[in-house]
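Counting from 1, the numbers follow the sequence of the chain as shown. Atoms considered below: every heavy atom in the structure, side chains included; atoms not considered: hydrogens, waters and symmetry mates.
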Amino acid sequence: MILVRLIEFLRARLKTVVRVCYVVLALLVVADALPFLVEKEHHAHTAAERLPGFWAIFGFIACTLIIFLSKWYGHAGIMKPEEYYDE
């Protein structure tokens with residue numbers, strides 16, 4: 001029951017939840033850009049990893065690509081019409 005109340009609470013304040021998520025994401029990108037928080041010279045394997053926010057942008061693009069490819073794949077042949085099994 002606690003989980004249901006939490007979901008209802010968050011759902012009632014959806015705009016606030018979205019704004020908080022955006023702020024947290026922005027703070028993570030800023031923290032990634034600060035050189036004294038993350039040492040990139042020794043841990044970066046490629047030049048792209050030295051760019052601020054590279055992994056945030058990479059993750060967003062990868063997630064978006066997975067969503068669109070899975071939707072395309074589903075509509076290309078996995079999904080059947082509603083009356084498919086009635087025939």
Could I get the full list of side chain to side chain contact (heavy atoms under 4.5 Å, CB included) partners for Leu10, not counting sequence neighbours?
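Leu10 satisfies side chain to side chain contact (heavy atoms under 4.5 Å, CB included) with Leu6, Val17 once adjacent residues are dropped.
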Applying side chain to side chain contact (heavy atoms under 4.5 Å, CB included), can you list everything that pairs with Val23, at least two apart in sequence or on another chain?
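If we apply the side chain to side chain contact (heavy atoms under 4.5 Å, CB included) test to Val23, skipping adjacent residues, the hits are Leu27.
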If you look only at distance, which donor and acceptor atoms sit under 3.5 Å apart when one is on a side chain in residues 58-73 and the other is two or more places apart or in another chain?
from, atom 1, to, atom 2, distance (Å)
Thr64, OG1, Phe60, O, 2.8
Ser70, OG, Ile66, O, 3.0
Ser70, OG, Ile67, O, 2.9

Hey, what else clusters with Val4 if you join Ile, Leu, Val, Met, Phe, Trp, Tyr whenever side-chain heavy atoms sit under 4.5 Å?
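Its cluster mates, by chain and number: none.
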Starting from Leu28 and following side-chain heavy-atom contacts under 4.5 Å between hydrophobic residues (I, L, V, M, F, W, Y), which residues can be reached?
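Joined to Leu28, directly or through intermediates: Val20, Val24.
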